[in-house]
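Here is the structure we will look at, set down as structure tokens.
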Amino acid sequence: MEWHAPWDIRIAMDLFLGGLGVGVFLIAVLLNVYDKERNSKLSVMGSYLAPLLVGGGVLFLLSELGRPERFLSTLYNFNPQSVTSWGGLFQIGFMVIALIYAWQNFKGKTNGSTFRTLQGLGVLFAILVGVYHGLLLASLGRPLWAGGMIIALFLGSSLFGGMSLLVILRELGISIGVPAQVRSEAAAASSDKEFNFTMLFFTISAVELVLVLGWQFALYRSSADTLAAVNSMMESYGGLWIGIVIIAGLLIPLLGSLLTLVKDKSSEMSKGMALTLSALVLVGSFAFKHIVIMAGQGALPLIF
Amino acid sequence: MARYAMVIDLHKCVGCGACDITCKNENNVDRGIFWAHHFTRTTGVFPNVKYEHVPTMCNHCNNAACVKACPTKAMYKDDKRLTLHDPKKCIGCKSCMQACPYDVISFNSKEPHGFWRDANSVIPDGTASGKETAEKLGQKIPYYNPERATTYAGIRPKGIVEKCTFCDHRLAKGEEPYCVFSCPAGARTAGDLDNPTGQVNLLLAKYGHKQLKPHVGTEPKVYYIRYY
Ligand code: SF4
Ligand code: SF4
């Protein structure tokens, strides 16, 4: 019988877009907390984008279900042992909070305790959704996905993707639906407490690169099942893995941001470099999730 | 409360594949899907070559990974410790397929039994098409076994998964699973693990056994005896 992977590219799209959504949300909140005035435009844009991205991911997931109309039954037929059940809960929770949070931003109500509470809850649910993506795979026990590292890898990739998307918005100066008072706040902001995107860009790319290489190294030293899985991944996707995931998606962004920081620790990447590297990160992040999801579904040998 | 298990004697098994086929008849299983299946393996170097034919099926694991993964409790353990599936609860997420280490769950990506709705014949003007045959017989699906529908969907619709039920509809009538009944070599034995003097326990005590992938922790309840 011919082997077909049960999950197709739509699951990768769900985890990619959902990851971008939670990454954008977390970085946007970080910007808001760090320097509300200077970064207000970007953090407002981030609050709009986050639920759109996670919602878009959920649409891909729904289109992959055999019976999408029964999706809500994961709530009333809830299985506490199933990570997928918890994931449904976390995603719905995040969507509700993120939509209210975006509305508060749209209305310019960004100072009260309600806003701070929503922000805190949003961060909590964003982390839960981000962790869920890797945990879902880890819980299924397939050799390539087993172990806790896959959780950190997916979360790191989501943060990096979210960060890159915000850098692109920043460089292109896009601001849609940002209240007028926020735009003037941003324009009047002082220059003494600037958030350094390049430093964060460099830090996340370094951590993610170490994690990816460490994960691959650990796989090569694991059981026969796992070794077979990683060998099969490299056989089918080796070129894409090394070229797009490692070199284009992690190494070049790492070196590019490092080069900028070496010249001047507090400077930012040039517009061209920031846009190019961010685009590479997004492509690399998608390729990473897609390859891991597809390769992890390879047929398992039946052995005594 | 029983705890059903199956013993497969690999010395008796002749590799005829009857179980694969009769299971399809009994359970109205579509083309391309197998509830009962097998793998073969050749190892060694001539003249010391070993050939194995190993029948496979859902292991009705004690610690079933598919049950844990299912977000809607559509995959569940019944009071006989069988792993069963509720088609009305299934959302077709395929988490169970990913979680099962034995790849014994199948997904209905299209409306099943399309062969009987297909007007193309294998040899044009030579053989009847599936559609023609079904129409002549006045049945939507010739060879349909209505007994199957007593405990599970007679035919599992598009968009959900399906798998072996250990012929729970036959067990309910005091009969053995159809693969056991139809095996011409008498290689299969089904019974209750909690019955210390039952045939299953006698065979396990006499020969010892192997299970598929015992290291993954699912505690499979299909036991292979007299392996090569
Ligand atoms: S063999 Fe697979 S489908 Fe059957 S009970 Fe075990 S884990 Fe579930
Ligand atoms: S496909 Fe159906 S039975 Fe399998 S995990 Fe999803 S809901 Fe449960």
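Sequence lines set the chain letters: A, B, ... in the order given, protein chains first and strands last, and positions in each chain run from 1. What you see below is based on every heavy atom in this structure, not just the backbone, and it leaves out hydrogens, waters and symmetry mates. Since we're looking at a predicted model, the values are computed, not measured.
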Query raised in the report: Of all of W145(A), F71(A), W7(A), which one pairs up most often with chain B through heavy atoms under 4.5 Å apart?
Result: W7(A)

Query raised in the report: If you measure from CZ on F78(A) to OG1 on T72(B), what distance do you get to the nearest 0.5 Å?
Result: 12.0 Å

Requested in this report: Using a cut-off of 6.0 Å, state whether more than 12 heavy atoms not belonging to Y143(B) lie near its atom OH.
Outcome: no

Query raised in the report: Just how far is it from atom CG of D225(A) to atom NZ of K213(B), taken to the nearest 0.5 Å?
Result: 6.0 Å

Query - Side chain N79(A), main chain V67(B), donor-acceptor under 3.5 Å - result: yes

Query raised in the report: Out of curiosity, R67(A) CZ to C93(B) SG, how far, rounded to the nearest 0.5 Å?
Result: 13.5 Å

**Report entry** Contact class of S109(B) relative to chain A, heavy atoms under 4.5 angstrom
**Finding:** neither

**Report entry** Residues M97(B), Q297(A); criterion side-chain contact (heavy atoms from CB on, under 4.5 Å); working and verdict
**Finding:** CA-CA 10 Å; M97(B) 294 173 72; Q297(A) 300 179 71; over 6 Å; no

Report task. Measure distances from K88(B) to the heavy atoms of chain A and classify the residue's part below 4.5 Å as side chain, backbone, both or neither. Result -> backbone

Query - Heavy-atom contact with chain A under 4.5 Å, split by part of V54(B) - result: side chain

**Report entry** Interface moiety of F107(B) toward chain A, non-hydrogen atoms closer than 4.5 Å
**Finding:** side chain

Query - Toward chain B, the part of T74(A) with a non-hydrogen atom under 4.5 Å - result: both

Report summary line: Cut-off 4.5 Å, heavy atoms of chain A, and the answer for P87(B) is backbone

Requested in this report: Take R70(A) and I160(B), measure what side-chain contact (heavy atoms from CB on, under 4.5 Å) needs, and give me the verdict at the end.
Outcome: CA-CA 11 Å; R70(A) 295 180 184 168; I160(B) 65 166; 4.1 Å; yes

Query raised in the report: Within a strict 4.5 Å, meaning less than it, do heavy atoms of the S73(A) and K89(B) side chains meet?
Result: no

Report task. Pick one of side chain, backbone, both or neither for W86(A), based on which atoms fall under 4.5 Å of a heavy atom in chain B. Result -> neither

Query - Per-residue contact mode, Q211(B) against chain A (heavy atom under 4.5 angstrom) - result: backbone

**Report entry** OG1 on T84(A) to NZ on K68(B), rounded to 0.5 Å
**Finding:** 13.5 Å

Query raised in the report: For F60(A), does the CZ atom have more than 12 heavy-atom neighbours from other residues, nucleotides or ligands under 6.0 Å away?
Result: no

**Report entry** Non-hydrogen atoms of A69(B) and S82(A) that approach each other most closely
**Finding:** O-OG, 2.8 Å

Query raised in the report: Distance from I293(A) atom CD1 to Q98(B) atom CD, nearest 0.5 Å?
Result: 9.5 Å

Report summary line: CZ (F304(A)) and OH (Y227(B)) are apart, to the nearest 0.5 Å, by 9.0 Å

